[in-house]
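Working notes, beginning with the structure itself.
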Protein chains: 2
Amino acid sequence: MSGAPRTGPYVCGLDAAMDVVGGKWKSLILWELRQGARRFGELRRGLPGVSERVLARQLREMEEDELVHREVYPVVPPHVEYSLTEQGRSLYGALESLGAWGRRRIARIGAARLDVEHAGG
Amino acid sequence: MSGAPRTGPYVCGLDAAMDVVGGKWKSLILWELRQGARRFGELRRGLPGVSERVLARQLREMEEDELVHREVYPVVPPHVEYSLTEQGRSLYGALESLGAWGRRRIARIGAARLDVEHAGG
DNA sequence: CTGTATCCAGCATGATACTG
DNA sequence: CAGTATCATGCTGGATACAG
C-alpha cells in the first residue's frame, strides 16, 4: 500500500486506519509534524530517502484525508507550511502505543538507526 | 508495502511497527486471530478477497516476525492452526486504539462494510 | 486441506529535469 | 522554495493450476 485511500468498504476499524497511514512515509510524516508546523523542505530533509514527487503526493493524500493542513503564504520565494489537523493529532495519539511497541521491537532485534537526530521515537 | 520486513534501519518505533503490520491483510489477520487459533481455510473465508498465495505469504512473514505461531498436525487431510504469539498479542493490543480511531473515522465518512460478520471491529 | 509454482498487472515509489 | 512533468522499476498483491 498505498495510493489514495479507498473510502471503504472496510472490514473493521483497523482496516480503515491502516488505509490512511499505510503509505510508506505517512506515519513518519505524522511523526515529523507531531510538535508543530514544518515546511516542505524541512520535511524532505527530515525524511531521508523520500523523493520530492512522493513526499508531495503523500502530503496531498493526507490533506484529502483531513489529517494534514496545508497553509500557503503568497510570498516570494514560496513558503508553505504543513501541520496536523485535529484528526491528524488524534491519529497520532492513537499511534503512540504502536510506536512504543515498535521501540520495544527495535530494542529486541537491534535495528535502530542512529544517523538521524530523532531516533528517540 | 510490504514484503518481508526490513529488519531496520528504522527512524522511529512507528516505522518499525508499520513495517511488520503494513501488509495488506496483516492487521486483519491479527484481528481474526485475536481470540484464538484458526485454520488456514477459516482465515481464508474470514478474509474475503485474499488469494491462497498471498494469505500463505503474509502468514509466513508474520511467522518470521514472531507474531504468529504455526502449528502443524501431521494428519490426513492436513490440519494447520495459526495463533498469535505473545508478541502478536501485544501488537494487537497496541493496535486497539488505532482500531478505535478507525471506527470513529468510518462513522464520520460512512464507509462500513456490513456484509461481513465481524463488522464490530 | 494446505499449500507451492507460474505468470501477470497495477501501482506506489523513485530519479531527474524543469518551472512559477 | 515548492513543487509538477516524465520516465523507469520493483514489488506487492492477484489468478490459476498443480501437488503432498
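Letters A, B, ... are given to chains in the order of the sequence lines, protein chains preceding strands, and every chain is numbered from 1. Everything quoted here is computed from the prediction, not taken from an experiment.
- One can place CG of L43(B) at 13 Å from C1' of dC1(C), the figure rounded to the nearest angstrom.
- OP1 and OP2 of dC1(C) both lie 4.0 Å or more from every side-chain N or O belonging to Y82(B).
- Atom NE2 of H79(B) is separated from atom C1' of dC1(C) by 10 Å (rounded to the nearest Å).
- Contact check, R39(A) against dG3(D): no side-chain N or O comes under 4.0 Å of OP1 or OP2.
- Between R57(B) atom CZ and dC7(C) atom C1' there is a gap of 14 Å when expressed in whole angstrom units.
- In this structure, L47(B) places its CG atom 14 Å from C1' of dG14(D), rounding to the nearest Å.
- Side-chain contact, R70(B) with Y82(B): a donor N or O sits under 3.5 Å from an acceptor N or O.
- Residues L47(B) and W25(B) share a closest heavy-atom pair of CG-CE3, 4.0 Å.
- Of the N and O atoms on the side chains of R105(A) and Q87(B), not one donor lies less than 3.5 Å from an acceptor on the other residue.
- Side-chain nitrogen and oxygen atoms of R60(B) include at least one within less than 4.0 Å of the OP1 or OP2 phosphate oxygen of dT4(C).
- Side-chain atoms of Q58(A) stay outside donor-acceptor range of the base of dA12(C), with no qualifying N/O pair under 3.5 Å.
- Closest approach to the R53(B) side chain among dT6(C), dG14(C), dG20(D) is made by dT6(C) (side chain taken as heavy atoms from C-beta onward).
- Close to dG14(C), at under 4.0 Å from its OP1 or OP2, lies no side-chain N or O of R44(A).
- When all heavy atoms are compared, the tightest approach of A94(B) to S97(B) is O-OG, 4.1 Å.
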